[in-house]
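Quick caveat: nothing in here was measured; it's all calculated off a predicted structure. Each chain gets a letter, A, B and so on, in the order its sequence line appears, and its residues count up from 1.
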Number of protein chains: 4
Amino acid sequence: MEKKLVVKSSVKDENLIEKRREQMIRGAVKLFRKKGFHRATTREIAKEAGFSIGTLYEYIRTKEDVLYLVCDNIYNKVLNRLNGSLDQEGTVEGIRLAIAKYFHLIDNMSDEFLVMYQESKSLPKDALGYVLQKEMEMVALFENLFKTCARSGELRITDEELRIAANHIVVQGQMWAFRRWAFDKDMTIEDYIRIQTDQFLNGIVREREEIR
Amino acid sequence: MEKKLVVKSSVKDENLIEKRREQMIRGAVKLFRKKGFHRATTREIAKEAGFSIGTLYEYIRTKEDVLYLVCDNIYNKVLNRLNGSLDQEGTVEGIRLAIAKYFHLIDNMSDEFLVMYQESKSLPKDALGYVLQKEMEMVALFENLFKTCARSGELRITDEELRIAANHIVVQGQMWAFRRWAFDKDMTIEDYIRIQTDQFLNGIVREREEIR
Amino acid sequence: MEKKLVVKSSVKDENLIEKRREQMIRGAVKLFRKKGFHRATTREIAKEAGFSIGTLYEYIRTKEDVLYLVCDNIYNKVLNRLNGSLDQEGTVEGIRLAIAKYFHLIDNMSDEFLVMYQESKSLPKDALGYVLQKEMEMVALFENLFKTCARSGELRITDEELRIAANHIVVQGQMWAFRRWAFDKDMTIEDYIRIQTDQFLNGIVREREEIR
Amino acid sequence: MEKKLVVKSSVKDENLIEKRREQMIRGAVKLFRKKGFHRATTREIAKEAGFSIGTLYEYIRTKEDVLYLVCDNIYNKVLNRLNGSLDQEGTVEGIRLAIAKYFHLIDNMSDEFLVMYQESKSLPKDALGYVLQKEMEMVALFENLFKTCARSGELRITDEELRIAANHIVVQGQMWAFRRWAFDKDMTIEDYIRIQTDQFLNGIVREREEIR
DNA sequence: TATGAATGAGATTTCATTCAT
DNA sequence: TATGAATGAAATCTCATTCAT
């Protein structure tokens, strides 16, 4: 398992680091959302964060560090919130809840998601690997959920399909952030969740139902 | 309906323009794929295309023009190929074939797709609008296909679901390009098509089958 | 009355701005004098000013800003010096002194004058307007001087002639900077002042003298 | 006496050269007037002249050649027209006529004059010298005129003043082209000629008149 | 710890000039 | 003679990063 990457800071006070990076991330997300990583300058990031360019560089080493901090932060937030609220009872209802939870999360953090998925490709190799791993953790979360269901007999699904199904859910979630423009103006996240979940479960649960 | 955007060239010979832009696009895709739009320099693009920086600028006005040409080119290729081969009989089998066709297209042009979806956000406003419109055309292609099926009674699906389903297919196709790393190393595009199509149709066709 | 145009700087320290721009202007005048505005590069300007190209652009926004700073600076210097030393008693002797003062100024700042009059046409629209206004102020200085004399009865001259006469003096001053090559090598600025002033006053004062 | 500079052409036919250069000069004056020598591109000059960039370079060697041709052309036109119409009787009336003639010329060719005086500084050294010489010829024209008058006793004026007076007239003419903005909107060239001539002659003729 | 002025490598773009057709 | 595509040196301007205060 890969170790968490550490962004070097020349400041010692851990609390201060935490605080400043919080500011930095908030500002960066706003900026990256508006103009993308490459068009946002470090000066602008510092300004948006509320301190000077000099101070910014006390807490990071390169501009890419900012992007990494942003991505890392988002993944951790998502994983924490999801993890903390998924029951693993292995029921279809549990899956429904997990999907709803995840989709709502995306709806609330859509700026962050957009930034992360549009800009993470600009991360340096090592950071990219680390972030990819986070993404895999997220997929694994659903994969395990489905696996439990499969083991418990609630779903009949091959391992191959399982992996794809998990990716499917993760991607459908992103789709809400990325392609909202493609849907009816008055479609709510609730509508979206209902429709996606139904279609998804229909596609997956069917065989079992056929058995009935 | 929006008019096709035109990239100004100071060269008059239309055939030459076509030829040079072909070279340019080929080189640009390769480069953008490797380092992204922002890190690829115009000099590199020219070199990769096989001519001098001065010549490059005889055929475009700004670097963003290159990106636009790339995106426009890809969409047109995809739309042409898809359009030319979709029957509109309104059968589930027709849908299967269309999906397969589209997914194969993506498999063949995955570099192009990746570039387009990762970089198109860097287009200037007007070009972005034009490209978005192309994306909607692609979605509409599937939407119409499904609508024909729905009308013919092959699918029972609301208009709301129809739109989402079409987006779903378009996105699942992109998923093959974007997340291949998440799937088993030895999963083939054929496997992927089979699994996705089955799950998709299960999710959508079911109700009708239930009727049977 | 038009407001003074402001050249934006990303440096905050006002004193530093003043100092650096002083350096910049000195270097620019030297260079523009030698090769003209268009042939002088920003790199050369920076070098001549004694700092790097990056630093140069901390204090201006475009190359044209340099030209504007140069022109603005010269006009202000001239206007200040002239303004501070013109008595407005409305005597012919006062006019003599003013002309001498102005011609000496030009003799001392001929490089600056040459640059300003040869290059100001390259200013952007708004700056050009501002500079033109300065030129009009200079003309107005003499116009008022003459008007006072006319009112006091020292000169008999129509308003129409007054305006022309003021321009005449301004232009004769420039002529010393622009056409020194056309005069005898050993003509001094004193000679020039004497001859020009005599001819000018003869042309203008005569009628009144005739009356005597 | 300096020899006329020759601009090399790779075309042999002298008539064609003449014709093409005529076109070129007309186009160039128009362009230089609008955007100045440096901002006008050779492509634009060619286009304005009515032929291709390739053709342009059949008739000149460098862009500066165009400027030289323009300046040379203007001076020759002016000198020819002036020369052909100056009587040398050595009367004050003759001077009046010469001045009027010259000022009218400038009024008719003010675009050309503006271009010449604003851009000639961009000529290469040798061409600059040649053009300067033309300027001196023009001054000499008036100088001689005045000298004849002085010899004939119509003017009492020293040689030193003579030179300056000739320059004065040449410059006052230019002033009409350069500073028309400074004069009343409804001042005509006739008004200007009258006023300038009167003031000038007053300044110069006075002593003699006093004798009367 | 915080600041922000200084730096210079590097990016995009222009344009005079050439030369094959 | 006429054309215009190709060239690449050179110009302007940006911006991540450093470092003295």
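By the 6.0 Å contact criterion, NZ on D:Lys30 is open, its count of non-hydrogen atoms from other residues, nucleotides or ligands being 12 or less.
Rounded to whole angstrom, the span from the CG atom of C:Leu31 across to the C1' atom of F:dA11 amounts to 15 Å. Summarising the geometry, the separation between CD on C:Glu44 and C1' on F:dT12 is reported as 13 Å, rounded to the nearest angstrom. The CG atom of B:Asn15 sits 15 Å away from the C1' atom of F:dG4 (whole-angstrom rounding). Protein atom NZ of C:Lys63 is 4 Å distant from nucleotide atom P of F:dT12, rounded to whole Å. Put simply, CD on B:Glu58 is 12 Å from C1' on F:dG8, counting in whole angstrom units. E:dA11 atom P lies 16 Å from atom CZ of A:Arg39, rounded to whole Å. Counting to the nearest Å, the P atom of E:dG10 and the NE2 atom of A:His38 are 16 Å from each other. When rounded to the nearest whole Å, the span between CZ of A:Phe37 and C1' of F:dC15 equals 12 Å.
When each of E:dT13, F:dA2, F:dT17 is scored by its nearest atom to the side-chain atoms of A:Thr62, the top-ranked nucleotide is F:dT17. Here E:dA5 is the nucleotide among E:dA11, F:dT3, E:dA5 with the atom lying nearest to any side-chain atom of C:Leu16.
Contact annotation for B:Arg20: backbone-only contact, meaning every heavy-atom pair under 4.0 Å involves sugar-phosphate atoms and none involves a base. Across all strands shown, A:Ala46 has no heavy atoms under 4.0 Å from either base or sugar-phosphate atoms.
Cation-pi geometry between A:Lys63 and A:Phe37 is met: under 6.0 angstrom from the ring centre, within 45 degrees of the axis.
Interface remark: the C:Arg43 side chain does form a donor-acceptor pair with the E:dG10 base, using a distance-only criterion of under 3.5 Å.
Remark: the A:Tyr59 side chain and the A:Asp65 side chain contain no N/O donor-acceptor pair separated by less than 3.5 Å.
Residues B:Lys12 and A:Thr42 each lie close to DNA chain F; by heavy-atom proximity, the contact nearer the 5' end of the strand is made by B:Lys12. If you find the closest nucleotide of DNA chain F to B:Ser10 and to B:Ile53, the one lying nearer the 5' end belongs to B:Ser10. Place B:Ile60 and D:Ala40 on DNA chain E by their nearest nucleotides, and B:Ile60 ends up nearer the 5' end.
If you check E:dT13 for Watson-Crick or wobble pairing at under 3.5 angstrom, you find it paired to F:dA10. Across all strands shown, E:dA6 forms a Watson-Crick or G-U wobble pair, both distances under 3.5 Å, with F:dT17.
Contact annotation: A:Tyr57 side-chain N/O to E:dT3 OP1/OP2 distance is not under 4.0 Å. The phosphate of F:dA6 (OP1 or OP2) has no side-chain N or O of B:Thr55 nearer than 4.0 angstrom.
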Is there a side-chain contact (heavy atoms from CB on, under 4.5 Å) between C:Asp111 and C:Phe32 once you walk through the steps? CA-CA 9 Å; C:Asp111 270 358; C:Phe32 293 171; over 6 Å; no
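Salt-bridge formation is detected for the pair B:Glu64/A:Arg39: a Lys NZ or Arg NE/NH1/NH2 atom is positioned less than 4.0 Å from an Asp or Glu carboxylate oxygen.
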